[in-house]
Each structure stands twice: as structure tokens, then as C-alpha cells.
Amino acid sequence: MTSTTLSTPSTGKYEQPTGLFINNEFVKGVDGKTIEVINPSTEELICSVHEATEKDVDIAVSAARKAFEGEWRHVTPENRGRLLVKLGELFEKNADKLAAVESLDNGKALSMAKVDVNMAASTLRYYGGWADKVEGKVVHTNNDVFAYVKKEPIGVCGQIIPWNFPLLMWAWKIGPAVATGNTIVMKTAEQTPLSALVASTLIKEAGFPPGVINNITGLGRIAGAAIASHMDIDKVAFTGSTLIGRQILKAAAGSNLKKVTLELGGKSPNIIFADADIDDAISWANFGIFFNHGQCCCAGSRIYVQESIYDKFLARFKERATQNVVGNPFDANTFQGPQVSQLQFDRIMEYIEHGKQSGATLETGGKRKGDKGYFIEPTIFSNVPDDARIGNEEIFGPVVTISKFKDADEAVRIGNDSNYGLAAAVHTKDLNTAIRVSNDLRAGTVWVNNYNQLHHALPFGGYKESGIGRELGEEALANYTQTKTVNIRLAGSIF
Ligand code: NAI
Ligand code: MG
């Protein structure tokens, strides 16, 4: 069996594929292993899906290689674009179902899952538009030479994605890779395989040739590791923890030196100046950390408030945080659902315990919510000692630290005091402060008077240990192309 009938509270019954999607077909794993998929809201089993091991990775890579060297090479850039646009349209057509499956499996509020699906559709369409606009150039070196530089696809790309935005990360990775003519072996996260399996049915429906986009579910340490060290994968793109990002780089170095791009963690500062619109700043601070239950690589997990408004801000921010509705993702009012898994729940609760023991002040939250499902109260710590783990490490949950600063210089210094550099934000009405502080923050994205606002046309990625390379925008095309120089010596040349 490579599918099963499931039901979501918002859309009712549907057919859920459970196989590995290779060569446009759902197949069982060679070893016959399966992975249990858990509903994080109820802790109950949703279904089991087939698990890919090294052998299945080999099969998927062969399919991707065959497609890359065969039919796919002859699909024009224009038609690659058409396929991506079609896939984006199918995402929109199936938006209710995709969003419901995402909420069921990941636990995110249905309203947020719908935004993810729309953004995924936009990303696919956007890269569809790029497909026939990847151009090279002619370079004049001297009159006896005709030289040109062209962009070519890299080849078979391994793509390893996390569980916090399953469909969105899928689209961010597939869009630029397909637009530039590569083929793909995608490995979704073991915690959240379901939405990408539904999306895989749309790959076939959109008309992609077999083997261009293969989608497998497997464990990181088995299927993920097999991708990272595979001798016939030309490039690997990874989103996840810094720990595993380092392992991927090592595996690439120890195998075939495949190209690597990494989108890793963060501990992003959210800086609020005294002249900011306080209501707006509180809303963005709240959204900055508690959106997606704090499971965002760019979460604004360190809030710094200028000292003259600190007390007022903290009091109102606490009040705001307690108003966030935490509960069933399918309820219309829910803002925050459960954490994705027991493991993540335990990790976060451990950080909260560390926070309490570090001497920091627990301002609000800190407890489990309810007795079933991985729900955690929005949690705020103040007076955090400099070396406390909660102030320095990525928690990836609804936990934030808040402290005060005197002036812009201090805000920049403490804002930059991290090994990470994914994102940062500044809230102020002063244009000079906004621009000067943005210039000085060592982060791949700086938001001014907002937070967590991403767009498919704007590059996203990390400074420092937050990653290598940029996703989205025109820049992402560079991750999936390599440059060929053709140097032609003309007849009659004197050299
Ligand atoms: P992870 O980094 O282990 O998992 C992310 C992806 O990598 C998954 O698809 C997983 O199967 C795969 N993977 C795991 N081990 C691998 C290996 N040895 N070789 C190749 N692929 C491998 O992250 P995990 O354990 O789910 O979460 C742990 C922490 O990582 C979180 O608490 C958070 O701090 C961070 N994280 C950051 C994300 C981001 O968006 N930057 C997303 C997910 C997690
Ligand atoms: Mg799940």
C-alpha cells in the first residue's frame, strides 16, 4: 500500500500518499521500513509512511540522473517555466487540502498554513518566471577571440528540508533548482512528511517528466546522511540545525565535494528604540517570537528595549503574550498550536528549566498547556545573566528573553553578540537610527518596524554561522547554476 484514507477536521476525507515518490510513482521502500507520523495536537498516530534508506536514495538518485541526462535536457527553459507555473496553480487549486494536511501533521494554525501554501504557490510561479531569463554574456578579451560565459545547471541536487515550514521550504528549494534545469532528490523531515507527499501528486499532474522531482521520506541520519555523502549528487541544499549543517559540509568534503548551501539557525535580536510606535512594536515583538510557535530560524528571540520605555514595554508585552490563543490548530481563533514533536517539546521545556535555574526572572508562561499535545505557554524571561544558555542558544520554541539598552551603540554591540547572523529588527521612527543601525547589524535580513516578513523576491539567508548562500530572489539561481567559459580562438589570429 502506498496510500491511505485520512481525514482532516476542515476538509474531511482525502487520500494520503504514503510511498516514496520516485520517477513520478509512489513506491515502497526497499527495506520495507516505515516511519510513524504523529499528530502533535493529540500525540496520536496519524499513519505510517514508507522510510527511505540508502538503497532508496540510490534509486532516487539514478532516476534524477537519468532525467537530467535524458528528457529533461530537451525541455526548453520556457517550458520549464510553464511547469513551475502550473505547479504553483495546482497549489492554489488544492490550497485548502494542502493547508489542512500541513496543520494536521505540523500543528500550525490552519490560518497560518494557508499563508504558507499561498507563499509556496507564489514562489513556484516566481521561479517559473525566471526559467527563461537565466542569461550568460559575451566578454571581449581581444579581437582574435570570441569568448562567452554561460550558466548551466549543476545536475542532480539533494535537498534536505526541516519540519517547521514543510511546504514552504519544499517550494523554496524546488523553484530555483527546477527553473535552472536541475533534477532533484528531496528529503522531507521525518516529523512532517504528509503535505509534501500530497504535493508530489501535483508534480505528476503538472506534467513534469519522471525523475525530475523525486520526493522521499527518511531519517536524517540514514537517508539524509546518504544524500550528503552520495557520489552522484552534485549539490546539496540543506535547511535545519547548525549542528547538522556542519555534518553536511564534512560529508560533502569527504565524498565528491558537492556544492553546498546551508540555511541554519539563529538567535535574532529585535531592537526597540524609545521613539518607536509602542503598539506596533509590541505586536511585531509578539509576532516575531511567537509566530509558528517560535519554530522559525529567524525568530526574534532576543528583545532589546531602550531603557526609558523598558518597564512600560515589558508590562504590555507580557499582557499581549498571554492573549495569544494557544490551542487546536483547526480553531479559527488559534494563533499558536503545539510544538512539532515530543523531542522538541522536551528540548524547550529543558531550556525553560535552565532559564529558571540561571537566575533569570520568568515573567510569564513557562508551563505546558493542557495535558495532551505538545503545547507550551508563551514564555518571557527578563534579567537574563550574560552567559545563560537561554540568552545565547537557539531554543526554537515560544521562549524569548528581554533586556534593556542605553543607546544605539550598545544596541548594535549586544545585537551582534552572537555566533548567528540570520536576521535582526529595528523599531524606531527616526530614519537615521533605522538606517545606521541596519547598516551595523551583522545579519542577512534586517526588518525595520516589522518582523518575519518574507517575500519570494527578497534574498534570505545567514551571516556568520547562520548559513552559506541565499535562498529566494534572483540570488537563489546562483545556488543552482555553474558558470562555463567558452573561449574561441578565431581563424587568422596572430597568436
Ligand atoms: P535537524 O537539523 O536534525 O533536521 C533538519 C533536517 O535535516 C531533517 O530533514 C532531518 O531529517 C535532516 N537531518 C538530520 N540529521 C541529518 C544528517 N546527519 N545528515 C543529513 N540530514 C540530516 O533538526 P531537528 O533535530 O529537527 O531540530 C533540532 C534543532 O535544529 C531545532 O531545535 C532548531 O534549533 C534547529 N532547526 C532549525 C531549522 C531552521 O529552519 N533553520 C529547522 C529545523 C530545526
Ligand atoms: Mg507530525
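Order of appearance sets the numbers: ligands from 1, and atoms from 1 within every ligand. Side chains included, hydrogens not; waters and symmetry mates left out as well; all remaining heavy atoms used.
- Within the listing of ligand 1, atoms 2 (O), 6 (C), 7 (O) sit less than 4.0 angstrom from a heavy atom of Phe238.
- Checking Gly467, Gly224, Gly158 against atom 21 (N) of ligand 1, the nearest heavy atom belongs to Gly224.
- Which parts of ligand 1 touch Ile161 is read off a 4.0 Å heavy-atom cut-off, strictly below it: atoms 6 (C), 8 (C), 9 (O).
- Summary of contacts: the protein heavy atom closest to atom 15 (N) of ligand 1 is Ile244 CD1, 3.5 Å.
- Between Thr239 and ligand 1, no pair of N/O atoms sits closer than 3.5 Å.
- When only non-hydrogen protein atoms are considered, atom 13 (N) of ligand 1 lies nearest to Gly220 CA, 3.3 Å.
- Close contacts between ligand 1 and Pro162 involve ligand atoms 42 (C), 43 (C) [criterion: under 4.0 Å to a heavy atom].
- Aromatic ring centres of Trp72 and Phe68 lie farther apart than the 6.0 Å criterion allows.
- Ring to ring, Tyr304 and Phe405 are not that close: their centroids are 6.0 angstrom or more apart.
- The option from Glu393, Glu263, Gln247, Glu190 that lies nearest to atom 11 (O) of ligand 1, judged by heavy atoms, is Glu190.
- With a heavy-atom cut-off of 4.0 Å, Leu243 does not touch ligand 1 at all.
- Between the side chain of Lys258 and the backbone N or O of Ala228 there is at least one donor-acceptor pair closer than 3.5 Å.
- Among all protein heavy atoms, the one lying closest to atom 24 (P) of ligand 1 is Trp163 NE1, 3.8 Å.
- The distance from ligand 1 to the heavy atoms of Ile160 drops below 4.0 Å at these ligand atoms: 6 (C), 7 (O), 9 (O), 12 (C), 20 (C), 21 (N).
- At least one N or O atom of Leu264, backbone or side chain, sits closer than 3.5 Å to an N or O atom of ligand 1.
- For ligand 1 and Cys297, the ligand atoms under 4.0 Å from any heavy atom of the residue are 39 (C), 40 (O), 41 (N).
- Trp163 has its ring centre less than 6.0 Å from the ring centre of Phe396.
- Checked against a 3.5 angstrom limit, the closest N/O atoms of Ala228 and ligand 1 fall outside it.
- For Phe165, the heavy-atom gap to ligand 1 stays at 4.0 angstrom or more.
- The closest non-hydrogen atom to atom 1 (P) of ligand 1, taken over Ser241, Gly265, Gly462, comes from Ser241.
- Those atoms of ligand 1 that come under 4.0 Å of a heavy atom in Lys187, given as number and element, are 9 (O), 10 (C), 11 (O).
- Residues Phe165 and Trp172 place their aromatic rings such that the two centres sit no closer than 6.0 Å.
- Atom numbering of ligand 1 starts at 1 in the shown order; those under 4.0 Å from a heavy atom of Gln344 are 27 (O), 28 (C), 31 (C), 32 (O).
- With respect to Lys356 and Glu353, a salt bridge is recorded, a charged nitrogen being found less than 4.0 Å from a carboxylate O.
- Residue nearest to atom 34 (O) of ligand 1, selected from Met169, Arg347, Arg221, Glu394: Glu394 (by heavy-atom distance).
- By the 30° and 60° cut-offs, the orientation of the rings of Phe345 relative to Tyr374 is tilted.
- Which parts of ligand 1 touch Gln191 is read off a 4.0 Å heavy-atom cut-off, strictly below it: atoms 26 (O).
- Below 3.5 Å of separation, one finds no N or O of Ile248 facing any N or O of ligand 1.
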